[in-house]
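Scroll down for the structure; my scribbles are underneath it.
Positions are given from 1 along the sequence.
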Amino acid sequence: MAIGADSGQASQAERAEGRDSAPEPTLYMEASTTETETKTKIKTKTDRKTRMLSKPTFRHRRTPICLLTLYIPTLIVPWVLIVVTSRSTTFLNQTGNAYVSSAAAVLAARLLSSINGVLAVPIISTLLAHAAVVYAMRRRHDQKLTVQQLFALADKGWTDIPLLFKARSNGKSSRFLWLAAILILLGVILQPLMSVLVSFETITVPSALDIPLGHGSSSASIIGYDPEPTDMPFLQPDTVLRDVLGRLTTFSDLEPQPNLWPSNAILKSLKSQPLMGQAFLAYSPGGFDAHNDGFFVSAVNSNTNTGVLREHALRLNSSIQCEQIARSSFPSPCPGDEPFRTQVTRPGLELSVCAPGNASQFPFTVSRNRQDIVEELFIDLHVSSDIKRDSLANNFTVHCTASTSRGYFELPNEQNKYAAGPLLDAWPSPQYISNSTNDYRGVAADYARPSVEDPETSALSGGYLPSSHSAGHPFYPADIEHSSTPGPLMVSAEVLFGNYSFVQFLADNITEMTPLQTYASVCEHGSIPFSQTGFFVATVGDYVPLRQCYDAAGNVRSAVNGSYLDPEDLDRYLTIILASHVGIFNSTDLAEYAFRISTFVANRAVLINTVSAVQPFGARPIYSSPGTVFQRPIINIASLVVITVLIALQLLGLGLLTRLIYSVPTWASVFDALRVAQIGKVLPIQLPSVGHTQPEQEEQLADIDGLIGIDGGHISEKENHGVVEDDRVAEEDTQTRNAILDSEWIIDRNQAHLALGGTGLITGEIAKQLAKAAKSLEPTPIVITSSLGQPRSKTNNHSSEGDRLLKYA
């Protein structure tokens, strides 16, 4: 019991001692944690190694396809965007919506082109490096590649200019090297060449801020107004006639006319002095008089342009043709529903004028389509011999025809290079007006888009324009309730020969004034038409009415101051002045020039007075906007072909390169430093040590086979196939068959080696079998050996020298 007791006491003591000697719990936990972390790290490394070993040696790499996915869009998309934008005109759409997309396309093209310029060489070079591995694998029996050529590919010689210059002389040249250099060159020169061949033109285009209405425009402004066809029939004729009469008496053909628009052909001939085309002297006989369409008139000034906007304006142009006819051809009576006719008879003078038609009807409809009218005027003058002698006015009968066209033309703008458009035969379709122009009607029409025939908006005028009826009706009887302004030749006839004209003034009002008052009114106050027209003064000279008027006025003044003035002499002076005035129309050239001036003034008066009568509510506003700057690419056909061919060649090269890369799984991604070291270690020659160069040894590399094939060692019997072959058979077809049999037999025997100079072919099917065989082992290394001499290793020992050369590339 004592022993037992002692033993129990000893056990308790030992347990107590054990408790005393046990580490503190905290220390135990720390030790436990450290051990756990160590185990975790070991497991992680093991898992990583397992994952690495689980990857097959021969496999397709994902890097090339990823690089192509990144690179090809930067190659194709910019060029497509540039070509499409250079050929497209959508950015000129007058809705302003296409500018953003066009500008974004150009910006994206420039950005992607810059990215392509940066990525071209590194990406293509990387793809070539991947392809070089495939190129160095024995895939066919007729392949040839030396170790020296292999090292040139491993050095990426396609980017080494000195190496390329010496490649043929030092044995480093190969077909792949030169094709790779060409592909690199295509990538290098593309973007610089594109920057040279593709130019950018700075133009202004409409954006949303330039559209006049509905877009909160801050840049469009009103620069003028255009009359509406529905308002023009309501214009009072006396308003036009008074305007024309006043302007003809002061008209100078040396001053520019703001509303006269020379034709583009005349402007081109007057390139150095365009303002000459606005002076009427340019259209005098001997000038541009042969061009009856040499000018037209518009309510919008001829120096107007609408910037980036596209708008139309109404225009009128009249051409005049005059001819001498027999007096018997003068119409009597004057035909027409309400023709203009007048007859003046004085001692020694008979004047008859006839303008067939309707003098109180507007000759055009409310349509915006082109309309053409023809007017006629007959003038017959018969004078006595003494009046003929003093006034040089011969007897004549002249017939003049005025052909007038009314329609719309496009105002100068950015798109038509600031040249006025031609006369339109038909008003554009509503869709074209909405998408391609900026035409809007006035506020009275709620800024609607103009159509071929629009509803009338001038009903508030009470049937007259201007709404306040002119007092007196100087040109028409007071009992006429309403009449419209006739055509320009009819207006000219009424102004030159009708009521309140110079002719009627001389014929009717002479008895109501004293002689001095008559000559002062006629001569000194400038009421003679064309008296300020320089061409008449220079051509007719002393026989123009103004000169005759001055001479007669001097005689009257002298007689009144002290000498006797015979009333017959006074009447004769007036007849001479009248004959001199009408005698201008005896010459067809002068008659055409006079009526060219009067019809121009008449057409202008109709347009301007209609605008003035309804502005700003009824008249159509004309807008202008400076636009937004846009860089438009410019490419000619030759540049288009050159760059497209270069891109196509580069795509073809990349396609062939990709086909080569993925034609067979590879044992390595690229020839990096480790792969080159592995190859160098199995060379049958001794390389020089670091810091020493032995050219003769480098030259020996040109005699060593640099292709990497499959080799299983010195195997002479193919047991799995039941075939016995001699590896030294000389015939080429036998060697090829044996090489394939070697590869399959090696795989079956699990003795697959990659050998520098190995004769076994590496095809896609064989590479798959190699990968499958490698997965079935724990693990099965594939080593690089040399088939050119004694193999470095033929075992599967992980510690062997061959295993250290390459394990699962």
Side-chain angles (χ1 to χ4, degrees), residues 248 285 322-334 340-355 376-400 492-499 501-511 515 518-519 521-523 527-531 533 535-537 539-556 565-595 598:
L248 287 182
C322 292
E323 59 178 348
Q324 295 280 354
I325 61 174
R327 192 176 190 187
S328 59
S329 299
F330 189 91
S332 180
C334 192
F340 169 80
R341 56 183 178 271
T342 188
Q343 187 169 1
V344 177
T345 302
R346 295 182 59 80
L349 181 146
E350 291 182 5
L351 172 65
S352 298
V353 179
C354 169
E376 293 180 288
L377 179 63
F378 296 87
I379 303 173
D380 177 70
L381 178 66
H382 187 77
V383 293
S384 62
S385 58
D386 58 331
I387 298 298
K388 180 189 303 183
R389 181 187 66 249
D390 293 336
S391 64
L392 290 182
N394 294 317
N395 298 332
F396 68 91
T397 304
V398 66
H399 172 227
C400 293
S492 300
E494 293 190 11
V495 169
L496 294 174
F497 307 105
N499 296 333
S501 68
F502 170 71
V503 172
Q504 292 297 333
F505 177 80
L506 292 179
D508 300 337
N509 293 347
I510 185 63
T511 58
T518 300
Y519 284 100
S521 175
V522 172
C523 302
S527 59
I528 303 176
F530 310 119
S531 60
T533 304
F535 182 80
F536 291 125
V537 174
T539 303
V540 186
D542 292 339
Y543 296 97
V544 297
L546 190 60
R547 174 62 61 185
Q548 297 288 348
C549 198
Y550 287 158
D551 292 343
N555 294 333
V556 171
L565 178 63
D566 190 343
E568 293 183 1
D569 291 335
L570 176 60
D571 191 64
R572 181 173 175 273
Y573 290 151
L574 295 177
T575 303
I576 292 173
I577 295 172
L578 178 58
S580 298
H581 169 64
V582 179
I584 294 175
F585 301 97
N586 185 23
S587 167
T588 56
D589 288 341
L590 295 182
E592 288 177 356
Y593 185 52
F595 285 125
S598 64

With sequence neighbours excluded, what pairs up with [X] under the side-chain contact (heavy atoms from CB on, under 4.5 Å) test?
| X | value |
| --- | --- |
| S598 | L248, S492, F595 |
| S587 | D589, L590 |
| T342 | F340, V353, F497, Q504 |

Residue list, ring-ring contact (aromatic ring centres under 6.0 Å, His included) with H399, at least two apart or on another chain |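 Counting only residues at least two positions away or on another chain, H399 forms a ring-ring contact (aromatic ring centres under 6.0 Å, His included) with F378.
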Listed partners of Y593 passing ring-ring contact (aromatic ring centres under 6.0 Å, His included), at least two apart =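 By the ring-ring contact (aromatic ring centres under 6.0 Å, His included) rule, Y593 matches F535, F536.
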With a 4.5 Å heavy-atom cut-off, do [X] and [Y] have their side chains touching?
| X | Y | value |
| --- | --- | --- |
| E376 | C354 | no |
| I325 | F330 | no |
| V398 | N586 | no |
| L496 | F530 | yes |
| E494 | N499 | no |
| L351 | R346 | no |

Which residues satisfy the salt bridge (Lys or Arg N to Asp or Glu O under 4.0 Å) test with E350, sequence neighbours excluded?
->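 R327.
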Rounded distance (nearest 0.5 Å) linking atom [atom1] of [X] with atom [atom2] of [Y]:
| X | Y | atom1 | atom2 | answer |
| --- | --- | --- | --- | --- |
| E592 | E323 | CD | CD | 10.0 Å |
| T397 | I379 | OG1 | CD1 | 10.0 Å |
| Q343 | S332 | CD | OG | 8.5 Å |

Nearest heavy-atom pair of V383 and A579: which atoms, and what distance?
->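 Looking at all heavy atoms of both residues, the shortest contact is CG1-CB, 4.3 Å.
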